[in-house]
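Notes for the one structure printed next.
The structure displayed is predicted, hence computed values, not measured ones. Numbered from 1 within each chain, the chains take letters A, B, ... in sequence-line order. Side chains are part of it too, since the values below use all heavy atoms of this structure and drop only hydrogens, waters and symmetry mates.
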Number of protein chains: 2
Amino acid sequence: MASASVEDYLKAIYLLQTARTPATTRGLADGLGVRMASVTGMVKQLHAAGYVRHERYRGVQLTAKGRRLALRVLRRHRIIELFLSKVLGLPWDEVHEDAEALEHAASDRVIERLNTLLGSPAFDPHGAPIPHGDGTISPLNGRLLSDCEVGHRGRILCVSDKDPAFLRYLAGIGIRIGLRFRLVDKAPFDGPLAIHAGRKKIVLGHPAATRVLVSPP
Amino acid sequence: MASASVEDYLKAIYLLQTARTPATTRGLADGLGVRMASVTGMVKQLHAAGYVRHERYRGVQLTAKGRRLALRVLRRHRIIELFLSKVLGLPWDEVHEDAEALEHAASDRVIERLNTLLGSPAFDPHGAPIPHGDGTISPLNGRLLSDCEVGHRGRILCVSDKDPAFLRYLAGIGIRIGLRFRLVDKAPFDGPLAIHAGRKKIVLGHPAATRVLVSPP
DNA sequence: TTCCAAAATTAGGCTTGCCTAACTTCGTCG
DNA sequence: CGACGAAGTTAGGCAAGCCTAATTTTGGAA
Ligand SMILES: [Mn+2]
Ligand SMILES: [Mn+2]
Ligand SMILES: [Mn+2]
Ligand SMILES: [Mn+2]
């Protein structure tokens, strides 16, 4: 069985790759909160265990084996997050931290029971797709809110779950997963965006809009 | 925050003390599945951290601080066991192992939500009392089935949760927590016991009966 | 009372995963 | 080109927790 560290590294590599960012030593160190030297050390282990390919001074890439394990961990993480949110009623900005620990302690047996209890859900509380039990995952087909044109109609698909303060902010201004909206204004030079949702108008800055994924037109 | 190992050691010490067995190096090593030398090493740590008193070549005793933490861990363990059993429907012989890992990963926030979800239960699936949130615990007032006299009427109070095969055996012969029974026969020289429960007759050996706690007359 | 096996401890070693400090390599910009 | 800052790696170290082997202490049996 892989250690909690190995699981977290593979998950971090997968998430970087999925964001089409190369999984660099720097990126992993920042994402995992460790030093670059620690990443270099662990990458050697991951390579020796057959989880990744590594080209020195370039980044790292998951092998099929590594991807399989990364998706298993991600499935656990997201099912646990949804359980914490939907069944226990924890706010969406508090579930990630708990899930980060529980994902390494919950057996597959427990995860599959949770999955059943939740009705085999497709998305976690932040709108991210839950990998399937068979090792596949349905990719999100969306675009950044910041990339949309004025007039764009769609729904809020997914937001990053890493920053609790950001999630509280979003909740505070009324943005939640599934919300239908129309982009009504977009100031130039990366200025703020305005959307209509129902009869409410919501304004948010450009940097925030780069962290929100919405459905295509 | 104490490590998972420290938490398991304190829990093991507490359980030995509660069973009125002195918490010896041998007993801890057996209970935790490690070597005696490892126990000696950890006991030094626990002493340095103020969790236990230690008299060389004698056993170890929890301080107030150690007892507090032990009860917190035991509370987590038993709430998680009940959740796995009652909400997820895992059989009672499978919950201990999962709880042993989850007890170190679940935050107090999650535990208190689970406790609420379960209705602030008093007992875990094996009949053991769940320590309260304030650091107290209601002791079980029972006696071993093997110590009862023929004619004794009572209920099954609690069974050990450590041995899955034993739990499966008990379930197989129809023994479960809360079952009302009358002891109808007891062979001499540590022979088998027979109880009536409802219209069923259940026979079990003396060693098994020493692992079953029942209510006093 | 002595002796012996079990219990306990000490000594020393290993693995994992992190760190800092020193170095090498990369890629960009003047 | 050439140099310089960022990225990456190497070297060496540390803490936790486990191990085996050797030694010491204990307590009960002879
Ligand atoms: Mn998350
Ligand atoms: Mn994690
Ligand atoms: Mn248990
Ligand atoms: Mn445990």
Reading nucleotides 17-29 of chain D from 5' to 3' and marking B where a protein heavy atom lies under 4.0 Å of the base, S where only the sugar-phosphate is that close, and - otherwise, the string is SSBBB--BSSS--

Answer whether the closest heavy-atom distance between the side chains of A/V34 and A/M42 falls below 4.5 Å.
-> no

Using a cut-off of strictly less than 4.0 Å, decide whether A/K44 has a side-chain nitrogen or oxygen near OP1 or OP2 of D/dT9.
-> no

Residue from A/R72, A/H104, A/H96 passing side chain to side chain donor-acceptor pair (under 3.5 Å) with A/H77 | A/H96

In A/E7, A/E112, A/E81, the residue satisfying salt bridge (Lys or Arg N to Asp or Glu O under 4.0 Å) with A/R76 is A/E7

Would you check, one step at a time, whether the test side chain to side chain contact (heavy atoms under 4.5 Å, CB included) holds for A/R75 with A/N115?
-> CA-CA 10 Å; A/R75 173 173 168 83; A/N115 181 58; 3.5 Å; yes

B/V43 versus B/T25: any side-chain heavy-atom pair under 4.5 Å?
-> no

So how far is it from B/D124 CG to B/R78 CZ, rounded to the nearest 0.5 Å?
-> 5.5 Å

Determine the contact category for A/T40: base if any of its heavy atoms lies under 4.0 Å from a base atom, sugar-phosphate if only primed atoms, P, OP1 or OP2 are that close, otherwise nothing.
-> base

What are the bounds, 5' to 3', of the part of DNA chain C that sits under 4.0 Å from heavy atoms of chain B?
-> C/dA7 to C/dT10

Would you please say whether a donor-acceptor pair under 3.5 Å links the side chains of A/S120 and A/H132?
-> no

Salt-bridge present (B/E100, B/K11; N to O < 4.0 Å) = yes

